[in-house]
Amino acid sequence: MEFLLQYVAVPMIKILVVFMTLSLVVAYLTFMERKIIAFMQVRLGPMRVGPYGLLQPIADGLKLMLKEDIVPAGADRLIFMMAPIITLIPAFIVFSVIPFGPPGSIAIPGLGYEVENPFYITDINIGVLFILSVSSIGILGVILGGWASNSKYPMLGALRSAAQMVSYEVALGFSIMGVLILAGTLSLVEIVEAQREGQFWYVFLQPVGFILFFICGVAETNRAPFDLPEAETELVAGFHTEYSGFRFSLFFLAEYASMIVIASMATTLFWGGWLRPFPSVEALAFLDFVPGVAWFSLKVGTFLYFYLWFRASWPRYRYDQLMSLGWRYLLPLAIANVIVTAILVLVVKG
């Protein structure tokens, strides 16, 4: 019985809870985007479905599932249907190693059994590498979706998307190496614990790394001002031009899930994860009554708000500006940050 609980039932319950919660958050993130942008533009946004439009995401989901699913006559049917799934699945898989709260255990009343580490599914010693490698698979879905459509505009959008995402992935990888040097581990849980022991969030020790990470993360998720793959004014919606109905929605579910991944990674690597502000300051000890999950959610929500703010405020880059920014400025800065961090750590420890 204990074996089934520990290795089957509890992990499956954790996976189900994370999946259902993320699906709900992604659905209402689209609602919040429309509301926040409407507020910034002095509009009301969605108001018709439910009080203050709160049921709009449910109506949107039903509409997309009921719309006709069109497959172009000349498309590669199998790859065309699989591409959105290939993009979506990696965006959800990476949440298996993201810690939403501190390690510990919770007793189940009546069973005499304690659930170990209820706030994350698992912790592996290569968690950062796992997230970088799995999330990069999503690029394949974008490329295959554009190619399988057998249409010129989706193909151009897929090529631009692949070039953009690969380019910014390099700088994104270098931007977090300073954190890995300071923490001495690839485990996300141990990185947060290292920030607790060091009594500083790494954003104060790695401000350049954080700024580079967040800029590259926005570009990785194809969000404004880096939304070139979906540039409606230039490419008639880019790589997903030929998609409709439910398959069309899967691409956007993947995009919003990836936004949450980047926000969660920024929170974990640079902003102390589930730790309260200034964990070393005893005068703020009264904040310890707030659960770690609440601190984590608040930080992630703040980063997601910046995502939406950027879309409402900044114009889109030209493609040559986009590539120039990544290769000529962000990548050299990220490499320089790694070199300076390594030298400083060597000097301090030496």
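There is a side-chain donor-acceptor pair under 3.5 Å between Thr185 and Glu190. Looking at Thr341 and Gln206, their side chains do bring a donor and an acceptor atom within 3.5 Å of each other.
Both Leu55 and Val26 are members of a single hydrophobic cluster when ILVMFWY side chains are connected at heavy-atom separations under 4.5 Å. Linking ILVMFWY side-chain heavy atoms closer than 4.5 Å, directly or via other members, places Ile335 and Val208 in a single hydrophobic cluster. Note on Phe204 and Phe214: same hydrophobic cluster, where clusters join Ile, Leu, Val, Met, Phe, Trp and Tyr whose side-chain heavy atoms are under 4.5 Å apart, directly or indirectly. Hydrophobic cluster membership differs between Ile339 and Leu344, with clusters built from Ile, Leu, Val, Met, Phe, Trp and Tyr side chains linked at under 4.5 angstrom. Each of Ile37 and Leu304 belongs to its own hydrophobic cluster when Ile, Leu, Val, Met, Phe, Trp and Tyr are linked at side-chain heavy-atom distances under 4.5 angstrom.
Taking the side chain as every heavy atom from C-beta outward, Phe251 and Thr87 approach each other to under 4.5 Å. Contact of the Leu250 side chain with the Ile85 side chain is registered, since non-hydrogen atoms from C-beta on lie closer than 4.5 Å. Looking only at side-chain heavy atoms (C-beta outward), Tyr307 and Ile262 come within less than 4.5 Å of each other. Counting heavy atoms from C-beta outward, Thr221 and Val261 have side chains that stay 4.5 Å or more apart. Between Pro99 and Asp123, every side-chain heavy-atom pair lies at or beyond the 4.5 Å cut-off. Residues Val94 and Pro90 fail the side-chain proximity criterion, which asks for heavy atoms closer than 4.5 Å. Within the 4.5 Å cutoff, side-chain heavy atoms of Val128 are placed close to those of Leu269. When side chains are defined from C-beta on, Ser23 counts as touching Phe92, because their heavy atoms get closer than 4.5 Å.
Partner of Trp201 under the ring pair (Phe, Tyr, Trp, His ring centres under 6.0 Å) criterion, out of Trp274, Trp271, Trp295: Trp271 alone.
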TODO: Give the intermediate values and the outcome of side-chain contact (heavy atoms from CB on, under 4.5 Å) for residues Thr122 and Val97.
DONE: CA-CA 5 Å; Thr122 187; Val97 298; 4.0 Å; yes

Practice item. Output, in order, the C-alpha distance, side-chain angles, deciding distance and verdict of side-chain contact (heavy atoms from CB on, under 4.5 Å) for Asp76 and Asn150. Key: CA-CA 8 Å; Asp76 187 315; Asn150 193 30; over 6 Å; no

side-chain contact (heavy atoms from CB on, under 4.5 Å) assessment of Leu188 paired with Ile131:
CA-CA 10 Å; Leu188 293 171; Ile131 289 178; 3.5 Å; yes

Notebook entry, point to check: How far apart are the C-alpha atoms of Phe174 and Asn337, what are their side-chain angles, what is the distance that settles it, and do they pass the side-chain contact (heavy atoms from CB on, under 4.5 Å) test?
Noted result: CA-CA 8 Å; Phe174 275 104; Asn337 181 64; over 6 Å; no

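One distance of note links CD1 of Ile93 with CZ of Phe19; it measures 11.5 Å at 0.5 Å rounding. If you take CG on Leu144 and OG on Ser149, they are separated by 10.5 Å, rounding to the nearest 0.5 Å. With rounding to the nearest 0.5 Å, the separation of OG in Ser249 from OH in Tyr256 is 12.0 Å. Between the CZ atom of Phe39 and the CG atom of Leu308 there is a distance of 13.5 Å, given to the nearest 0.5 Å. For the atom pair CD1 (Ile124) and OG (Ser96), the distance works out to 7.0 Å, reported to the nearest 0.5 Å. In this structure, Ile121 CD1 and Lys14 NZ are separated by 8.0 Å, a value rounded to the nearest 0.5 Å.
In this view, Phe270 and Phe210, Phe213 satisfy the ring pair (Phe, Tyr, Trp, His ring centres under 6.0 Å) rule, not counting sequence neighbours. Residues passing the ring pair (Phe, Tyr, Trp, His ring centres under 6.0 Å) test with Phe100 are Phe296, sequence neighbours excluded. With sequence neighbours excluded, no residue forms a ring pair (Phe, Tyr, Trp, His ring centres under 6.0 Å) with Phe95. With sequence neighbours excluded, the residues satisfying ring pair (Phe, Tyr, Trp, His ring centres under 6.0 Å) with Phe80 are Tyr243.
Heavy atoms of other residues, nucleotides or ligands lying less than 6.0 angstrom from CZ of Phe278 number 12 at most. More than 12 heavy atoms of other shown residues, nucleotides or ligands fall within 6.0 angstrom of atom OH in Tyr28. Atom CZ of Phe252 is surrounded by more than 12 heavy atoms from other residues, nucleotides or ligands within 6.0 Å. Other residues, nucleotides and ligands place no more than 12 heavy atoms under 6.0 Å from the CZ atom of Arg77.
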Show me the side-chain donor-acceptor pairs of residues 60-67 shorter than 3.5 Å, one per line, residues at least two apart or across chains.
residue : atom : partner : partner atom : Å
Asp60   : OD1  : Gln56   : NE2          : 2.9
Asp60   : OD2  : Arg34   : NH1          : 3.0

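Pro225 and Pro315 get closest at one heavy-atom pair: CB-O, 3.2 Å. Across all non-hydrogen atoms, the minimal contact from Lys35 to Gly45 is NZ-C, 4.5 Å. Contact record, Pro154 with Ser151: CD-OG, 3.3 Å, taken as the closest heavy-atom pair. The two residues Leu287 and Arg276 come nearest to each other via the heavy atoms CB-CD, 3.8 Å. What you find for Ile181 and Ala342 is that their closest heavy atoms are CD1-CB, 4.2 Å.
The aromatic rings of His240 and Phe248 sit perpendicular, their planes meeting at an angle over 60°, well past the 30° parallel limit. Between Tyr305 and Trp309, the ring-plane angle classifies as tilted under the 30° and 60° cut-offs.
At distances below 3.5 Å, at least one donor-acceptor pair connects side-chain atoms of Thr21 with backbone N or O atoms of Val17. Gln164 places a side-chain N or O within donor-acceptor distance of the main-chain N or O of Ala219, the cut-off being under 3.5 Å. A distance-only check finds no donor-acceptor pair linking the side chain of Ser324 to the backbone of Gln321 [under 3.5 Å]. Side chain of Ser161 to backbone of Ala158: no donor-acceptor contact under 3.5 angstrom is found. Ser297 places no side-chain N or O within 3.5 Å of a backbone atom of Ala294 that could act as its donor or acceptor partner. Panel note: side chain Tyr168, backbone Ile215; no donor-acceptor pair is recorded below 3.5 Å. For the pair Thr268 (side chain) and Met265 (backbone), a donor-acceptor distance under 3.5 Å is absent. Remark: the backbone N or O of Gly104 is paired with a side-chain donor or acceptor of Asn117 at under 3.5 angstrom. Of the possible donor and acceptor atoms, none in the side chain of Ser264 sits under 3.5 Å from a partner among the backbone N and O of Val300.
Taking a 4.5 Å side-chain heavy-atom cut-off between Ile, Leu, Val, Met, Phe, Trp and Tyr, the cluster of Ile143 extends to Ile139, Met165, Val166.
Geometric assessment of Arg223 against the ring of Phe310 yields a negative cation-pi assignment under the 6.0 Å and 45° thresholds.
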